[in-house]
Amino acid sequence: MEQTDRMSSNEINPANNPAARTVASTQSEMTEIILPNDTNTLGNLLGGRLMHFIDLTGAMAAFRHSRTHVVTAAMDHIDFIRPVRLGDLVTLKSSVNRAFTSSMEVGVKVWAENTRTGGVVHVASAYLVFVAVDEHGRLQKVPQLKPETLDEIRRHADALRRREHRESEHARRKGERLVTAALEEAESGG
Ligand SMILES: CC(C)(COP(=O)(O)OP(=O)(O)OC[C@H]1O[C@@H](n2cnc3c(N)ncnc32)[C@H](O)[C@@H]1OP(=O)(O)O)[C@@H](O)C(=O)NCCC(=O)NCCS
């Protein structure tokens, strides 16, 4: 089925959405204090907990861009650069890098602040793809993104390259799954 057939007829609600938004209008931020429940046996923040914070902060930027429901389609290229310690303040900042048809690539950057020394270090970065859907799960068209600064223009171009890479990897993995399924069926005599 064509993607356009699967989009809600009310693709962009003009009351909520202009044809294009700026990156600045999508910028989002959250800060968390790291408590014992968030840490592993070494007293460092659990990777999965940090990914949860990244997902939430990323979704905030996607919500601000699309003004509708969003689901996480992919989280890729996450670098855990330094550990975050119990008691640190973790700040996450996100913004949309590029909008496609129903999907948006969002970049999230994470810093940890040592509350005793005040030192702040960059601890992680990630790229996520969110897809805009309506309350019935139908794809929604999102406004285009208008990059303004040199950094925003660079991130906009990089996001297209990452999308192309993601699509070719997706097709490769899908091909592998089909081959595995065919081999399993042949082995079981089906
Ligand atoms: C994401 C989802 C809505 C896509 O639906 P789909 O039927 O595969 O839709 P399509 O193949 O037509 O793709 C729709 C858009 O999603 C993007 N997309 C789909 N799968 C993707 C993936 N794995 N990575 C990046 N983008 C993806 C497509 O590129 C397309 O973007 P565009 O409209 O901007 O061109 C669907 O796969 C889904 O609901 N996944 C589960 C989401 C979820 O529950 N997330 C939480 C995980 S715990």
Side-chain angles (χ1 to χ4, degrees), residues 1-14 16-23 25-28 30 32 37-38 45-80 90 92 94-110 124-148 152-181:
M1 201 187 292
E2 287 297 311
Q3 188 179 62
T4 45
D5 294 337
R6 295 165 49 225
M7 294 227 174
S8 158
S9 55
N10 184 22
E11 287 176 346
I12 295 185
N13 177 353
N16 295 337
N17 273 328
R21 281 192 201 285
T22 60
V23 175
S25 72
T26 72
Q27 278 165 356
S28 303
M30 81 176 204
E32 291 278 331
N37 243 5
D38 303 318
L45 174 62
L46 290 159
R49 190 84 178 116
L50 182 56
M51 284 164 76
H52 176 64
F53 296 151
I54 288 171
D55 192 28
L56 290 179
T57 317
M60 291 174 197
F63 277 129
R64 285 187 165 139
H65 186 74
S66 64
R67 296 291 169 196
T68 183
H69 303 276
V70 297
V71 293
T72 315
M75 183 186 277
D76 61 14
H77 197 97
I78 175 158
D79 290 320
F80 295 110
V90 171
L92 301 97
S94 65
S95 56
V96 175
N97 288 334
R98 188 167 184 133
F100 299 95
T101 304
S102 64
S103 67
M104 298 149 275
E105 189 200 86
V106 175
V108 181
K109 202 165 173 181
V110 189
S125 289
Y127 298 114
L128 300 92
V129 178
F130 291 91
V131 176
V133 294
D134 68 9
E135 61 275 24
H136 306 294
R138 289 176 302 190
L139 302 178
Q140 295 282 287
K141 198 163 187 280
V142 295
Q144 287 310 292
L145 189 78
K146 195 167 57 177
E148 294 176 310
E152 290 171 6
I153 291 166
R154 178 183 50 77
R155 285 197 285 265
H156 195 253
D158 290 347
L160 182 61
R161 278 193 285 278
R162 281 189 293 271
R163 175 177 163 101
E164 287 162 357
H165 178 70
R166 229 175 260 128
E167 284 176 344
S168 68
E169 275 298 295
H170 185 66
R172 189 186 59 76
R173 287 197 302 271
K174 196 171 168 186
E176 277 180 4
R177 281 198 299 275
L178 288 174
V179 170
T180 307

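Numbers here simply count residues along the sequence, with the first being 1. Order of listing sets the numbers, starting from 1, for every ligand and every atom in it. FYI, side chains are in, hydrogens and waters are out, and symmetry mates aren't considered; it's all heavy atoms of this structure.
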If we number the atoms of ligand 1 from 1 as shown, the ones under 4.0 Å from a heavy atom of T72 are 42 (C), 43 (C), 45 (N), 46 (C)
Going by the 4.0 angstrom heavy-atom rule, the piece of V131 near ligand 1 is side chain
Report yes if some heavy atom in the side chain of V110 is under 4.5 Å from a heavy atom in the side chain of F53; otherwise report no.
no
The single option from R98, R161, R166 that satisfies salt bridge (charged side-chain N to carboxylate O under 4.0 Å, His left out) with E105 is R166
Ligand 1 to R163, heavy atom cutoff 4.0 Å, flagged ligand atoms 29 (O), 31 (O), 32 (P), 34 (O), 35 (O)
Report yes if some N/O of S103 lies less than 3.5 Å from some N/O of ligand 1; otherwise report no.
-> yes
Does D79, at its CG atom, have more than 12 non-hydrogen atoms belonging to other residues, nucleotides or ligands within less than 6.0 Å? yes
In ligand 1, the atoms that come under 4.0 Å of a heavy atom of L139 are 12 (O), 14 (C)
Practice prompt. Mind running side chain to side chain contact (heavy atoms under 4.5 Å, CB included) on R64 and S28 for me, showing each step along the way?
Written response: CA-CA 8 Å; R64 285 187 165 139; S28 303; 2.8 Å; yes
M104 heavy atom under 4.0 Å from ligand 1: no
Note: heavy atom closest to atom 26 (N) of ligand 1, options L128, D55, T101, V129, belongs to V129
Is R155 salt-bridged to E152, going by a charged N under 4.0 Å from an acidic O? no
Sequence neighbours excluded, the answer for side chain to side chain contact (heavy atoms under 4.5 Å, CB included) partners of H170 is R173
